[in-house]
Amino acid sequence: MILILDFGSQYTQLIARRVRELNVYSEVRPCTTDPKTVDLTGVKGIVLSGGPASVTEADAPDFNSEWLSTGLPTLGICYGMQLMAHNFGGTLGRGAAREYGPSTVRVERAEGLFAGWKKGDSLSVWMSHGDHVEKLPEGFVTVASSGGAPVAAMQHTSKPFVALQFHPEVVHTPQGKEIIKAFVYEMAGCKADWTPGNFIEQSVKKISDEVGPTSQALCALSGGVDSTVAAVLVSRALGKRLHCFFVDNGLLRKGEAEQVMKRLKSLDLNVELVDAGARFLGELKGVTEPERKRKIIGRVFIEVFEEKAKALKGITHLVQGTLYPDVIESVSVRGPSATIKTHHNVGGLPDRLNFKLIEPFRELFKDEVRALGRELDMPTEILQRQPFPGPGLAVRVLGEVTPERVKTLQEADSIFLEEVRAEGLYAGLWQSFAVLLPVRSVGVMADGRTYDETVALRAVHSEDGMTADWAFLPEDLLRRVSNRIVNEVKGVNRVVLDISSKPPATIEWE
Ligand code: XMP
């Protein structure tokens with residue numbers, strides 16, 4: 001595998017993704033990681049990531065320089081390059097030569113990572129640096145240069161050290177993949193054997209060994225991609241010894257409970273529908289504050305799940321579809337900061353019930369889970385499903401969550417989704433949904449005055465939900481959706497479009 005040390009760049013996870021796209025396993029660790037604490041068997045190369053700081057600042061994120069004595073091929077990117085140069089006695093310059101955005105580098109030596117090019121070739125790259133290497137450290141030569149960075153790439157003449165001032169991992173460096181490939185396959189000598197098929201085979205064996213021949217496991221299915229693929233994978237190991245619950249909390253999209261159950265049954269899963277809508281809605285009565293809604297839903301979910309779990313005997317394990325971005329310790333600039341998304345709706349359960357966790361996707365990205373699902377022959381309509389928040393429509397019905405208002409939103413949302421699908425846009429959007437606002441406004445319908453609520457439409461593009469851009473939907477689609485909602489959904493007389501990105505807005509409204 002390739003180990004990536006994270007110095008806080010917003011692109012660190014992308015490096016891991018690019019390496020994995022080459023079918024080579026890759027993991028991100030905080031820059032403060034001590035090499036002595038890591039089992040280096042199997043590690044074939046190291047990447048020092050970029051980062052927002054300047055190497056020469058007093059409190060710049062540092063690393064244990066023993067990483068450079070492991071003898072492992074090492075690639076420094078941006079901050080990682082400057083750190084490498086600094087450690088080997090080069091000097092850094094800053095100021096005039098800053099570059100942010102698209103740039104061009106010229107190949108000075110067609111060797112190492114640039115062996116696939118000719119001297120004098122130009123490459124479009126993405127730069128984002130204040131500092132640059134001014135004087136090369138001893139033993140290094142320049143392999144590429146740019147206007148703002150005379151040393152845009154350097155390598156050691158006899159040791160396996162290479163470094164790039166630009167970011168090969170972003171799409172704005174079109175040939176970046178070739179460069180990363182040269183590092184991973186040629187320099188580090190990795191084999192492309194990290195495939196979905198191998199992953200499934202290894203996981204099934206690991207889970208069988210871990211759970212043993214007679215114990216049983218539980219899984220809370222949401223009908224979404226992660227938990228469903230997790231359940232299918234684990235059921236390959238445990239068969240009907242995996243018990244799944246699908247909790248209908250009364251806050252699902254229109255017709256969703258029936259649809260999801262039908263699909264889950266077709267996957268031959270041992271699944272039970274728990275109809276708890278009335279209980280959730282009862283507990284939410286009179287509540288308008290977003291965090292309180294979330295807390296109530298989390299608590300009731302755990303109660304419902306716990307009751308069901310206790311009724312079964314012999315359960316030792318709980319399956320969760322946790323993904324890598326949920327567990328990754330991001331940033332780590334001033335030491336590991338462990339910013340973990342707390343969206344996990346079954347939080348607290350394993351401890352209370354004394355279960356051991358099975359999280360087969362702890363090291364995977366969402367698109368990798370989709371690839372596994374395809375390998376497991378799961379239908380595309382499950383794999384392409386847009387994410388849906390655990391608290392469901394409660395965080396999209398702003399204000400009080402009453403059964404009537406949930407119904408109103410379900411109708412509006414289903415019209416929007418139907419039209420988005422008809423336009424062929426569903427799979428290309430991270431999410432598209434309607435939100436019911438507690439805002440009444442005056443309208444006129446059939447010559448009569450109306451005073452009704454407002455629906456907001458939200459459609460976003462995103463890679464992982466951490467950041468998002470609002471999607472530009474075709475005008476005729478928006479017209480159709482707006483007309484249909486106002487005409488077909490009782491209690492709504494106005495439709496507005498949300499054109500906010502994340503940050504500073506979030507994807508959900510609550
Ligand atoms: P925000 O609203 O924070 O959402 O921009 C980012 C992504 O996470 C989803 N989301 C949740 N998922 N439980 C979940 O399983 C939750 O409590 C939750 N809240 C938000 C949201 O739909 C978006 O895709």
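We count ligands from 1, going down the list as the structure has it; atoms in each ligand are counted the same way. Numbers here simply count residues along the sequence, with the first being 1.
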Notebook entry, point to check: With only distance considered, is F388 within less than 3.5 Å of ligand 1 through an N or O on each side?
Noted result: no

Checklist line | Per-atom contacts of ligand 1 with G465, taking only distances under 4.0 Å to non-hydrogen atoms | finding: 6 (C)

Check: Which of the atoms of ligand 1 are close to P391, meaning less than 4.0 Å from one of its heavy atoms?
Finding: 13 (N), 16 (C), 17 (O)

Item checked: Winner among G390, A394, A468, G392 once heavy atoms are compared against atom 13 (N) of ligand 1 -> G390

Checklist line | Ion pair E21/R17, N-O distance below 4.0 Å | finding: no

Checklist line | Distance (rounded to the nearest 0.5 Å) between I4 CD1 and L14 CG | finding: 10.0 Å

Notebook entry, point to check: Do ligand 1 and W430 have nitrogen or oxygen atoms that lie under 3.5 Å from each other?
Noted result: yes

Check: How are the rings of F365 and Y324 set relative to one another: parallel (under 30°), tilted (30 to 60°) or perpendicular (over 60°)?
Finding: perpendicular

Next item on the list: With heavy atoms of T506 as the reference, note each atom of ligand 1 found under 4.0 Å away.
Entry: 1 (P), 2 (O), 5 (O)

Which donor-acceptor pairs under 3.5 Å do side chains of residues 451-461 form with protein atoms, sequence neighbours excluded?
from: E453; atom 1: OE1; to: R405; atom 2: NE; distance (Å): 3.3
from: E453; atom 1: OE2; to: R405; atom 2: NE; distance (Å): 3.2
from: E453; atom 1: OE2; to: R405; atom 2: NH2; distance (Å): 3.1
from: T454; atom 1: OG1; to: V439; atom 2: O; distance (Å): 2.9
from: R458; atom 1: NE; to: D498; atom 2: OD2; distance (Å): 3.1
from: R458; atom 1: NE; to: I507; atom 2: O; distance (Å): 3.0
from: R458; atom 1: NH1; to: D498; atom 2: OD1; distance (Å): 3.4
from: R458; atom 1: NH1; to: D498; atom 2: OD2; distance (Å): 3.3
from: R458; atom 1: NH1; to: S500; atom 2: O; distance (Å): 2.6
from: R458; atom 1: NH2; to: S500; atom 2: O; distance (Å): 3.2
from: R458; atom 1: NH2; to: T506; atom 2: O; distance (Å): 3.0
from: H461; atom 1: ND1; to: G428; atom 2: O; distance (Å): 3.3

Item checked: Any side-chain heavy-atom pair of Y100 and M127 under 4.5 Å -> no

Checklist line | Rounded distance [0.5 Å steps], NZ in K407 versus OG1 in T402 | finding: 12.0 Å

Check: Non-hydrogen atoms of Q386 versus ligand 1: any pair closer than 4.0 Å?
Finding: no

